[in-house]
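First the structure, in the form of structure tokens, and then the observations on it.
First listed ligand is number 1; within each ligand, the first listed atom is number 1. Atom set for the values below is all heavy atoms of this structure, side chains included, hydrogens, waters and symmetry mates excluded.
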Amino acid sequence: MVKKLEAKPTVTIRGVALFQGLLSPGEQVRIVDDLRDVARDAPFFRPVTSRGQQMSVRMTSAGAVGWVSDRRGYRYQETHPEGGQWPPIPESVRAVWARVAPGARAPDSCLVNFYAETARMGMHQDRDEADFDQPVVSISLGDDALFRIGNLTRGGKTESVWLRSGDVLVMGGAARLVFHGIDRIRPGSSTLLPEGGRINLTLRVAR
Ligand code: MD3
Ligand code: FE
């Protein structure tokens with residue numbers, strides 16, 4: 001029996017495919033180790049919105065382009081805000097994309113979001129990418145997070161689900177442009193990150 005390479009979602013919520021427990025503890029540790037190297041080359045920064053508000057989530061990126069936000073607005077760019085290129089997307093991370101989005105183009109951007117105890121992310125759409133036919137893949141690591149999914153326009157009824165370390169989400173098709181956010185994390189719910197908190201990776205075809 002060979003190791004299964006393609007995965008099936010455990011549940012689908014409003015078109016978002018959730019693969020619960022897809023990553024083994026060993027795979028999660030390997031990804032976190034690889035992210036330490038990413039953060040050494042491309043340190044986490046605190047983005048500022050175009051309205052001048054600091055976001056509570058800290059971010060960095062890997063890949064040809066990274067997502068940045070400052071008073072000039074949101075965009076993907078080839079350099080870290082402090083200068084220099086982004087490090088390559090680790091193989092341990094690209095392997096997850098291959099398992100859950102085998103037909104898609106290769107990702108050229110991996111956004112790394114770090115949530116300390118009180119960090120959150122308001123409801124928004126991901127629409128800075130060039131090709132909405134390509135999926136977005138999210139990997140949850142560390143503490144549990146309450147993920148909220150809404151509609152194709154702001155407002156209306158929403159549904160929530162707790163994301164746990166090792167869970168993977170795939171946003172494709174009609175779900176690609178749905179509003180979504182993170183209401184809160186559950187501090188102390190995972191021992192993966194020695195200092196606590198949560199890391200979310202979002203793999204994208206940005207260009
Ligand atoms: C649904 N991140 O970085 S990941 C983001 O947990 C972002 O850090 C959240 O939203 C986080 O933009 C949620 C799950 C996710 C990511 C992208 C999506 C859900 C999505 C794009 C479209 C629809
Ligand atoms: Fe998003």
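- For the ligand labelled ligand 1, residue Tyr115 lies inside the 4.0 Å heavy-atom shell.
- The existence of a salt bridge linking Asp33 and Arg30 is excluded, since no basic side-chain nitrogen approaches an acidic carboxylate oxygen closer than 4.0 Å.
- Residue Glu129 places no heavy atom under 4.0 Å from ligand 1.
- For Gln125, the closest heavy-atom approach to ligand 1 does not fall below 4.0 Å.
- Rounding to the nearest 0.5 angstrom, the gap separating the CZ atom in Phe45 from the CZ atom in Arg58 is 11.5 Å.
- Across the listed options Arg204, Met121, Met171, Arg204 owns the non-hydrogen atom lying nearest to atom 12 (O) of ligand 1.
- The shortest N or O to N or O distance between Ser138 and ligand 1 is not below 3.5 Å.
- With a heavy-atom cut-off of 4.0 Å, Arg198 touches ligand 1 through its side chain alone.
- At a 4.0 Å cut-off, not a single heavy atom of Phe179 sits close enough to ligand 1 to count as contact.
- When you scan the N, O or S atoms of His180 for the one nearest the Fe ion (ligand 2), you land on NE2.
- At a 4.0 Å cut-off, at least one heavy atom of Ala175 sits close enough to ligand 1 to count as contact.
- Remark: Glu159 engages Arg14 in a salt bridge, criterion side-chain N to carboxylate O under 4.0 Å.
- A cation-pi arrangement, defined by a distance under 6.0 Å to the six-membered ring centre and an angle within 45 degrees of its axis, is present between Arg198 and Tyr115.
- By the 4.0 Å N-to-carboxylate-O rule, Arg207 lies close enough to Asp108 to be salt-bridged with it.
- When non-hydrogen atoms are compared, ligand 1 lies under 4.0 Å from neither the backbone nor the side chain of Val57.
- Between Arg176 and ligand 1, a contact under 3.5 Å exists for no N or O pair.
- A cation-pi contact, defined as under 6.0 Å to the ring centre and within 45° of the axis, is absent between Arg75 and Trp67.
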